[in-house]
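The structure under discussion appears below in the form of structure tokens.
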Amino acid sequence: MDGCFDLMHYGHANALRQAKLLGDQLVVGVVSDEEIVANKGPPVLSMEERLTLVSGLKWVDEVIPNAPYEITEEFMNTLFNKYNIDYIIHGDDPCLLPDGTDAYALAKKVGRYKQIKRTEGVSSTDIVGRILLTFKQKEAGSMETTTDANQNTGATCDKVKSQLSNFLPTSRRIMQFSNGQAPSPGARVVYIDGAFDLFHAGHVEILRSARQLGDFLLVGVHDDQAIRDRRGYRPIMHLHERTLSVLACRYVDEVIIGAPWEVSRDMITTFNISLVVHGTVTEGSSVVGIDSYAVPKSMGIFQTITSTKPITTVSVATRIIDNHEAYKKRNLKKKASEDRYYTQKKFVSGD
């Protein structure tokens, strides 16, 4: 399976999960920056960041960097002969080249194509739209949000409504993403928490580092209101969307959905936590004087770990805001094709 995997989200993860179910080994092609520019517009994330995100997914066995956007005959033969690919996979939404032709026409012609179900309620286009509507200022340190929907009327209210997620979370979807396993007796349980909004390469790397410190990684994902109360703006992705992104990461064993902001002694006992960790790169907080990790520090089980990538949710959002016109144009073009897909959408069995 291949893709741009720009602004990685749970829809990408679910596509790769479905693809892995069709075989034994999943090889993923990550489209080059140049090909994305030529076919869709400027990518938000670099090739290195996109490779980190794709490689960090629990269903991916091998990654091919700089894959072409179009499955050409030459590339298809490389897949079949060099990588021993049996089938090429894509979602039920059309993938068209600039001239309007099907990017997967050759794979279909030779009978080596299989289709999976597109994940409802999310796309990179949708997320870019949420960011552009949510943040009005470019400055990363003082980003302002649009007013609450219940305080708006007319066109402004419609704008705020349009940035809300269309994701319909189900317990089954969470089970599909979950490892479904508890820590073994005597396991060293490491705990890390955060918002994990716009799940990015920095998140993958800090989770990798945390997992290396123990046998079982437990991740606390804060709820939307707690994030807003402390940072002054609501997360781009809502709680269940962020939970799925974290669960899809190969270094994560379990997630606390809507974890408390402060780590309590009771929580440490309940989950048998051996070590609480926190990275050196964090988003700003508007709450001063409250140490969320006071208890684990007093117990001698707290450790700060170095964040190897200086990426934050705000810094990713700022890339889009700084290139507002380019992404606005890209979104208008892509939204038209997505609207056509939803107009013609039919039920596809299995996921």
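The chain is numbered in sequence order, starting from 1.
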Practice task
Would you check, one step at a time, whether the test side chain to side chain contact (heavy atoms under 4.5 Å, CB included) holds for Ile268 with Tyr191?
Solution key: CA-CA 9 Å; Ile268 291 169; Tyr191 178 75; over 6 Å; no
Flag if over 12 foreign heavy atoms under 6.0 Å of [atom1], [X]:
X	atom1	value
Arg265	CZ	no
Asn81	CG	yes
Lys297	NZ	yes

Any side-chain heavy atom of [X] within less than 4.5 Å of one from [Y]?
X	Y	result
Ile88	Arg112	no
Leu21	Trp59	no
Val277	Thr304	no
Asn66	Val30	no
Ser307	Glu205	no
His203	Cys249	no
Phe216	Arg188	no
His200	Leu45	no

What's the spacing between [X] [atom1] and [Y] [atom2] if we round to 0.5 Å?
X	Y	atom1	atom2	value
Arg208	Ile305	CZ	CD1	12.0 Å
Ser274	Leu213	OG	CG	11.0 Å
Thr78	Phe80	OG1	CZ	10.5 Å
Ser124	Met8	OG	CE	9.0 Å
Thr308	Ile206	OG1	CD1	7.0 Å
Glu35	Glu70	CD	CD	8.5 Å

Any side-chain to backbone donor/acceptor pair from [X] onto [Y]? Under 3.5 Å, distance only.
X	Y	value
Gln18	Lys117	yes
Thr318	Val314	yes
Arg50	Cys4	yes
Ser264	Met267	yes
Asn179	Val252	yes
Asp224	Leu239	yes
Arg211	Val190	no
Lys58	Phe177	yes
Thr280	Thr306	no
Ser55	Thr52	no

When clusters are formed by joining ILVMFWY residues with side-chain heavy atoms under 4.5 Å apart, either directly or through shared neighbours, do [X] and [Y] land in the same one?
X	Y	result
Tyr251	Phe196	yes
Leu26	Val204	yes
Val255	Ile273	no
Ile257	Val219	yes
Phe5	Val27	no

If you take all heavy atoms of [X] and [Y], which pair is closest and at what distance?
X	Y	value
Glu49	Ile311	OE2-CD1, 3.3 Å
Pro260	His222	O-CE1, 3.5 Å
Leu22	Ile116	CD1-CG2, 3.9 Å
Met1	Leu16	SD-CD2, 3.7 Å
Arg319	Ser46	NH1-N, 4.4 Å
Asp6	Pro43	OD2-CA, 3.2 Å

Distance-only side-chain donor-acceptor flag, [X] / [Y], under 3.5 Å:
X	Y	result
Thr119	Asn14	yes
Asp229	Gln225	yes
Gln176	Arg173	yes
Tyr293	His278	yes

Exercise for the section: Using a strict cut-off of less than 4.0 Å between a Lys/Arg side-chain nitrogen and an Asp/Glu carboxylate oxygen, indicate whether Asp61 and Lys20 qualify as a salt bridge. Expected result: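 Result for this pair is yes, salt bridge flagged.
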Handout entry: Lys/Arg N to Asp/Glu carboxylate O, Arg130 vs Asp126, below 4.0 Å
Key =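 Yes, charged N to carboxylate O under 4.0 Å.
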Practice task
Go through the steps for Lys108 and Asp102 under the test side chain to side chain contact (heavy atoms under 4.5 Å, CB included), then give the verdict.
Solution key: CA-CA 10 Å; Lys108 292 175 180 177; Asp102 185 352; 2.6 Å; yes
Handout entry: Ring-face cation of Arg242 near Phe199 (centre distance under 6.0 Å, axis angle within 45°)
Key =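 Verdict for Phe199: no cation-pi partner in Arg242.
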Handout entry: Derivation of the salt bridge (Lys or Arg N to Asp or Glu O under 4.0 Å) call for Glu73 and Lys109
Key = CA-CA 11 Å; Glu73 188 166 2; Lys109 186 177 179 181; over 6 Å; no
Handout entry: Result of checking His240, Arg17, Glu241 against Tyr10 for side chain to side chain donor-acceptor pair (under 3.5 Å)
Key =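 Output: one option passes, namely Glu241.
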Exercise for the section: Would you please test Leu217 and Ile192 for side chain to side chain contact (heavy atoms under 4.5 Å, CB included) and show each step? Expected result: CA-CA 8 Å; Leu217 182 60; Ile192 186 170; 4.0 Å; yes
Exercise for the section: Apply the test side chain to side chain contact (heavy atoms under 4.5 Å, CB included) to residues Ser245 and Met237: give CA-CA distance (whole Å), side-chain angles for both, the deciding distance (0.1 Å), then the verdict. Expected result: CA-CA 10 Å; Ser245 291; Met237 311 294 285; 5.7 Å; no
Problem - For Asp197, all residues meeting side-chain hydrogen bond (donor to acceptor under 3.5 Å, both in side chains), sequence neighbours excluded - result: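 Checked Asp197 against side-chain hydrogen bond (donor to acceptor under 3.5 Å, both in side chains); zero matches.
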